[in-house]
Amino acid sequence: MVASVVVLSDIHGVLPALEAVLDEPDVMAADLIVVTGDHAAGPQPVEVLDRLRALGDKAVLVRGNADRELAEMARGEFPADQAWEIDLWAAGQLREEDVTFLAELPHPVTLEVDGFGKVVFCHGTPRDDDEVVLVDTRLDRWAEIFAELPDDVRTMVCGHTHMPFMRLVDERLVVNSGSIGMPYGRAGSSWALLHGGQVQLRHTPFDVDGAVDRVARESGYHGCRAWAEHYVRAITTDAEAVRTFGPRDGRAAS
C-alpha cells in the first residue's frame with residue numbers, strides 16, 4: 001500500500017519541463033512517482049530516459065504508445081512514412097539498452113494506493129495504450145473500457161491526450177494528469193497528486209523562454225527550436241485538441 005503517488009505523463013523528451021516538476025516539494029516528498037507513458041519521443045530522448053531511471057525504485061514507468069512505437073522504429077518495425085520526423089530522429093538516438101527498456105515497459109500497471117484501493121495506471125486506456133478518452137466521452141464507450149476491469153479497481157489514471165481532467169464515470173474515478181512536456185491549452189507542466197483518498201490536479205509553471213532556448217541548444221534534432229516553440233509554448237489549444245481527438249473516442253460526427 002502506497003500512501004502518496006505523483007502522476008506524470010507525456011514528457012515527450014523535454015528535459016527542462018521534467019526537471020521543473022521533479023523539483024516540486026510535493027513531488028520530492030511523494031512515496032512513488034508513476035509516469036504513464038510517452039517518455040522519450042521528443043527532442044531530448046536519451047537525457048529524459050536517464051533522468052527517469054536515476055529515480056530508481058521511487059519511479060514506476062508505464063508504457064505509452066509512443067514508447068512502443070519508438071522501439072519499433074529503432075528496430076525497423078514501424079512504417080517510416082507513418083512516423084513523425086522527430087520520432088524517427090529520437091528513435092535513432094536510442095542506445096540498445098534504451099530500446100529494450102522501452103519495449104519491455106508494462107502497460108497497464110495496477111497499484112494499491114491508500115485511500116483509493118486498487119488503482120490502474122495506463123496511457124490511453126487499460127486495454128489499449130493508444131485508445132482515446134476525453135472528459136466528455138460518452139458513457140457507453142466507458143462501459144466498454146471498464147468491462148475488462150476487476151470490480152475492485154475503482155480508480156483509473158491515464159494520459160495520452162495531454163489535457164488534464166478528473167471526473168466520475170459510473171462510480172469510478174477517472175483522472176488524466178495532463179502533459180509534462182507537450183501540453184495543450186496551457187503552457188507549463190500538468191501532473192496529479194493522489195494522497196489520503198484525494199486527487200489534486202497540479203500545474204508547474206517554468207521559464208518557457210529558457211526551456212525553449214535550452215532544448216534548441218542541447219538537442220541535436222535539426223527542427224528542435226520550431227518544435228519547442230510550438231509544443232513547449234502550448235500553441236495548440238485544448239479546444240483544437242478536443243476537436244482533433246474527438247472522432248477517435250467513437251463519437252458520432254457532429
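For the numbers below, each heavy atom of this structure counts, side chains included, while hydrogens, waters and symmetry mates do not. Throughout, numbering of the chain's residues begins at 1 and tracks the sequence.
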(message) When you compare the side chain of N65 with that of D38, does any pair of heavy atoms fall below 4.5 Å?
(response) yes

(request) Could you tell me whether Q198 atom CD has more than 12 heavy atoms of other residues or ligands within 6.0 Å of it? (result) no

(request) Determine the minimum heavy-atom distance between M1 and V113, stating which atoms define it. (result) SD-C, 3.3 Å

(message) Applying ring-ring contact (aromatic ring centres under 6.0 Å, His included) as the test, list every pair that has at least one member in residues 3-33; sequence neighbours left out.
(response) H12-H162

(message) Filter on side-chain hydrogen bond (donor to acceptor under 3.5 Å, both in side chains), then keep only pairs touching residues 175-184, sequence neighbours left out; what's left?
(response) T161-N176

(message) Is it the case that atom CD in E97 sees more than 12 heavy atoms from other parts of the structure closer than 6.0 Å?
(response) yes

(request) Could you pull out the closest heavy-atom pair between A80 and L88, with the gap in Å? (result) O-CD1, 3.8 Å

(request) State, yes or no, whether a side-chain contact exists between V175 and L201 at a heavy-atom distance under 4.5 Å. (result) yes

(request) Quick one: name the residues clustered hydrophobically with M28, using the 4.5 Å side-chain heavy-atom rule over I, L, V, M, F, W, Y, and just say none if it's on its own. (result) none

(message) Strictly by side-chain hydrogen bond (donor to acceptor under 3.5 Å, both in side chains), give each pair with a member in residues 16-28 just once, sequence neighbours left out.
(response) E19-R214, E24-T204, D26-R202

(message) So, taking the atom named CG in D10 and the one named CD1 in I180, what distance separates them when rounded to the nearest 0.5 Å?
(response) 9.0 Å

(message) One pair to check against salt bridge (Lys or Arg N to Asp or Glu O under 4.0 Å): R141 and E131. What are the steps and the verdict?
(response) CA-CA 11 Å; R141 172 53 68 94; E131 187 168 22; 3.6 Å; yes

(request) Write down the atom of G188, the atom of F206, and the distance for their closest heavy-atom approach. (result) CA-CE2, 3.7 Å

(request) Quick one: list whatever passes side chain to side chain donor-acceptor pair (under 3.5 Å) with D209, sequence neighbours left out. (result) R233

(message) Once rounded to the nearest 0.5 Å, what's the spacing between atom CZ of R63 and atom CD of E69?
(response) 10.0 Å

(message) Assess the residue pair W191 and V6 against the criterion (side chain to side chain contact (heavy atoms under 4.5 Å, CB included)); give the C-alpha distance rounded to whole Å, side-chain angles, the decisive distance to 0.1 Å, and a yes or no.
(response) CA-CA 7 Å; W191 50 284; V6 160; 3.9 Å; yes

(request) Could you pull out the closest heavy-atom pair between W89 and S219, with the gap in Å? (result) CH2-OG, 3.6 Å

(message) Does atom CZ (R172) have a neighbourhood of more than 12 heavy atoms from anything else shown, all under 6.0 Å?
(response) yes

(message) Please enumerate all residues that pass side chain to side chain contact (heavy atoms under 4.5 Å, CB included) together with A187, with sequence neighbours excluded.
(response) V208, A234

(message) If hydrophobic clusters are built from ILVMFWY residues whose side chains come within less than 4.5 Å, do L70 and L52 share one?
(response) yes

(request) Tell me, please, which residues at least two apart from R225 pass salt bridge (Lys or Arg N to Asp or Glu O under 4.0 Å). (result) D213, E229

(request) Determine whether V157 and V120 make a side-chain contact, defined as any pair of heavy atoms from C-beta on separated by less than 4.5 Å. (result) no

(request) Indicate yes or no: does R167 engage D136 in a salt bridge with an N to O separation below 4.0 Å. (result) no

(message) Using a strict threshold of under 4.0 Å (side-chain N to carboxylate O), is an ion pair present between D238 and R186?
(response) no

(request) Take H230 and T236 through the side chain to side chain donor-acceptor pair (under 3.5 Å) test and state the conclusion after the steps. (result) CA-CA 7 Å; H230 187 94; T236 299; 2.9 Å; yes

(message) Between I33 and L15, is there shared hydrophobic-cluster membership here, with clusters defined by ILVMFWY side-chain heavy atoms closer than 4.5 Å?
(response) yes

(message) Please evaluate residues L173 and L168 with respect to the criterion side chain to side chain contact (heavy atoms under 4.5 Å, CB included), reporting the C-alpha separation (whole Å), side-chain torsions for both, the decisive distance (0.1 Å), and the verdict.
(response) CA-CA 5 Å; L173 182 63; L168 280 172; 4.3 Å; yes

(request) May I ask you to decide if T237's main-chain N or O and E240's side chain share a donor-acceptor pair within less than 3.5 Å? (result) yes

(request) Say whether F146 and L134 are linked into one hydrophobic cluster, either directly or through other cluster members, by side-chain heavy-atom distances under 4.5 angstrom. (result) no

(request) Using a 4.5 Å cut-off on heavy atoms from C-beta on, say whether the side chain of I11 contacts that of V21. (result) no

(request) Quick one: pull up CG in L194 and CG in D31 and give me the separation to the nearest 0.5 Å. (result) 12.0 Å

(message) Quick one, V34 and V62 - any side-chain contact, counting heavy atoms below 4.5 Å?
(response) yes

(message) Could you see if I86 belongs to whatever hydrophobic cluster contains M182? Use Ile, Leu, Val, Met, Phe, Trp, Tyr and a side-chain cutoff under 4.5 Å.
(response) yes

(request) Taking all non-hydrogen atoms of both residues into account, name the closest pair between D249 and R138 and its distance. (result) O-NH1, 3.1 Å

(request) Identify whether L94 and M73 are in the same connected component of the hydrophobic contact network (ILVMFWY, side-chain heavy atoms under 4.5 Å). (result) yes

(request) State, to 0.1 Å, how close H195 and A3 come at their nearest heavy-atom pair, and which atoms those are. (result) ND1-O, 3.5 Å

(request) Find out whether F116 and L111 are in side-chain contact, i.e. whether some heavy atom of one side chain is under 4.5 Å from a heavy atom of the other. (result) no

(message) Less than 4.5 Å apart, side chain to side chain, heavy atoms only: is that true for W227 and V232?
(response) yes

(request) Kindly compute the distance separating CG (L55) from CG (L22), expressed to the nearest 0.5 Å. (result) 5.5 Å

(message) For a side chain to side chain contact (heavy atoms under 4.5 Å, CB included) check, start with the C-alpha distance between R95 and D50, then their side-chain angles and the critical distance, and finish with the verdict.
(response) CA-CA 11 Å; R95 302 158 296 200; D50 285 347; 2.7 Å; yes

(request) With side chain to side chain contact (heavy atoms under 4.5 Å, CB included) as the test, would you mind laying out the steps for V7 and T36 before giving the verdict? (result) CA-CA 7 Å; V7 183; T36 59; 3.9 Å; yes

(message) Rounded at 0.5 Å granularity, tell me how far CG in L18 sits from CG in L8.
(response) 7.0 Å

Check: residues 148-156 side-chain donor-acceptor pairs under 3.5 Å, at least two apart:
unit_1	atom_1	unit_2	atom_2	d
D152	OD2	K118	NZ	3.0
R154	NH1	D151	O	3.0

(message) Quick check: do P16 and Q44 have side-chain heavy atoms less than 4.5 Å from each other?
(response) yes

Cut-off 3.5 Å, no hydrogens considered: what does the side-chain donor-acceptor table look like for residues 100-107, sequence neighbours left out?
unit_1	atom_1	unit_2	atom_2	d
T100	OG1	E96	O	3.2
H107	NE2	H123	N	3.0

(message) How long is the straight-line distance from NE2 of H160 back to OG1 of T125, given to the nearest 0.5 Å?
(response) 8.5 Å

(message) Considering only residues two or more places apart or on different chains, which pairs with a residue in residues 36-69 satisfy ring-ring contact (aromatic ring centres under 6.0 Å, His included)?
(response) none

(message) Listing request: all salt bridge (Lys or Arg N to Asp or Glu O under 4.0 Å) pairs with a residue in residues 80-92, at least two apart in sequence or in separate chains.
(response) none

(request) For R243, check salt bridge (Lys or Arg N to Asp or Glu O under 4.0 Å) against everything at least two apart and list the hits. (result) none

